[in-house]
Enquirer: 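Take this structure, written in structure tokens, and hold onto it; I'll ask about it next.
Residue indices begin at 1 and follow the sequence shown.
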Amino acid sequence: MERLATLYIDKESHKFSAAHYTIFSATERERLHGHNYSVSAMIAAPMGDNGFAADYNVYKRRIKALCDELDEYMVLPEHSPYQSVVEDGENYRVIFNGEELQFLRSDTLLLPIVNATVEEFAHYLLRRMLEESAGEAIAELQVCVASGPGQKGCASWSAMDQAIA
């Protein structure tokens with residue numbers, strides 16, 4: 001029987017600051033504001049003959065690099081059904097409920113998500129971690145994004161679920 005071990009990574013350096021607004025409906029959204037998000041991960045992997053399941057340093061570097069990619073940007077959801085985003089020269093022009101908002105493209109990330117929420121950020125980062133970890137022996141992966149103490153969203157993946165599908 002294969003032995004699995006679970007690694008938890010929750011480092012102070014795994015954070016990013018981003019501006020956003022959450023869209024609640026076709027007519028309601030938050031005002032533009034920002035958070036200092038923190039990212040943590042749980043990795044379950046088979047124990048190796050050398051007594052460890054995975055190299056913490058590899059995953060710490062990956063998480064840090066992903067956080068750095070998001071740090072100090074305005075985040076816009078590319079797939080929201082309630083707003084349109086159009087490139088307009090050096091800006092993104094966003095139409096929401098008849099309002100027009102403009103953001104410098106150089107300060108903005110257009111992410112393949114439907115809303116700028118911790119849950120969507122967690123799924124986005126989970127997908128990216130899985131891409132970076134392709135071919136590695138991982139049994140489970142969970143990524144959590146917190147927008148403050150006591151408030152986070154998590155996304156999970158399991159190789160077992162993939163084998164069944």
Enquirer: Check whether any side-chain heavy atom of Met129 sits under 4.5 Å from a side-chain heavy atom of Leu66, and report yes or no.
Expert: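 Sidechains of Leu66 and Met129: in contact.
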Enquirer: CG of Asn50: more than 12 outside heavy atoms within 6.0 angstrom?
Expert: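 Enclosed.
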Enquirer: Around atom OH of Tyr73, are there more than 12 heavy atoms of other residues, nucleotides or ligands at under 6.0 Å?
Expert: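 Atom OH in Tyr73 is not crowded, with 12 or fewer foreign heavy atoms closer than 6.0 Å.
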Enquirer: Suppose we screen for ring-ring contact (aromatic ring centres under 6.0 Å, His included). Which residues come up paired with His35, at least two apart in sequence or across chains?
Expert: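 Checked His35 against ring-ring contact (aromatic ring centres under 6.0 Å, His included); matches are His20, His33, Tyr37.
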Enquirer: If you count heavy atoms of other groups shown closer than 6.0 angstrom to CD of Glu100, is the number above 12?
Expert: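 Yes, because the 6.0 Å sphere around CD of Glu100 holds more than 12 heavy atoms from other groups.
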Enquirer: Find the distance between CG (Asp55) and CD (Glu136) and round it off to the nearest 0.5 Å.
Expert: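 One finds 9.5 Å between CG of Asp55 and CD of Glu136.
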Enquirer: Quick check: closest heavy atoms across Ala116 and Thr22, and the distance to 0.1 Å?
Expert: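 Looking at all heavy atoms of both residues, the shortest contact is O-OG1, 3.3 Å.
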Enquirer: Side chains of Val145 and Leu125: does their closest heavy-atom pair fall under 4.5 Å?
Expert: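 SC-SC contact between Val145 and Leu125 confirmed.
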Enquirer: Quick one: does His14's side chain have a donor or acceptor within less than 3.5 Å of a partner on Lys60's backbone?
Expert: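 Checked: pair present.
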Enquirer: Rounded to the nearest 0.5 Å, how far does CE of Met42 lie from OH of Tyr59?
Expert: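 Tyr59 OH to Met42 CE: 12.0 Å, rounded to 0.5 Å.
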Enquirer: Given Tyr21, which partner from the list Gln83, Glu30, Arg29 fulfils the side chain to side chain donor-acceptor pair (under 3.5 Å) test?
Expert: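 So, applying the side chain to side chain donor-acceptor pair (under 3.5 Å) to Tyr21 and each of Gln83, Glu30, Arg29, only Gln83 qualifies.
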Enquirer: Counting N and O atoms only, with roles assigned by atom type, does the side chain of Asn115 sit under 3.5 Å from a partner on the main chain of Ile23, one being a donor and the other an acceptor?
Expert: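 A pair under 3.5 Å: yes.
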Enquirer: Strictly by side-chain hydrogen bond (donor to acceptor under 3.5 Å, both in side chains), give each pair with a member in residues 120-131 just once, sequence neighbours left out.
Expert: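 Counting only pairs at least two positions apart or across chains, the side-chain hydrogen bond (donor to acceptor under 3.5 Å, both in side chains) contacts touching residues 120-131 are Glu69-Arg128, Tyr124-Arg128.
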Enquirer: Does any part of the side chain of Leu111, heavy atoms only, come nearer than 4.5 Å to the side chain of Leu70, both counted from C-beta?
Expert: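 The answer is yes, as the side chains (C-beta and beyond) meet within the 4.5 Å cut-off.
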Enquirer: Does the side chain of Leu7 reach to within under 4.5 Å of the side chain of Phe52, using non-hydrogen atoms?
Expert: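 They are not in contact (no side-chain heavy atoms under 4.5 Å apart), so the answer is no.
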Enquirer: Are Pro77 and Ile113 side-chain neighbours, meaning at least one heavy-atom pair lies under 4.5 Å?
Expert: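 Pro77 reaches Ile113 side chain to side chain.
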Enquirer: Could you name each residue pair satisfying disulfide (SG to SG under 2.5 Å) that touches residues 74-149, not counting sequence neighbours?
Expert: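 Applying disulfide (SG to SG under 2.5 Å) to every pair that reaches into residues 74-149, excluding sequence neighbours, yields Cys144-Cys154.
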Enquirer: Scan Asp107, Leu104, Val85 and name whichever one has a side chain to side chain contact (heavy atoms under 4.5 Å, CB included) with Tyr92.
Expert: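 For Tyr92, the side chain to side chain contact (heavy atoms under 4.5 Å, CB included) check succeeds only for Val85.
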Enquirer: Is any side-chain heavy atom of Lys152 less than 4.5 Å from a side-chain heavy atom of Val118?
Expert: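 They are not in side-chain contact.
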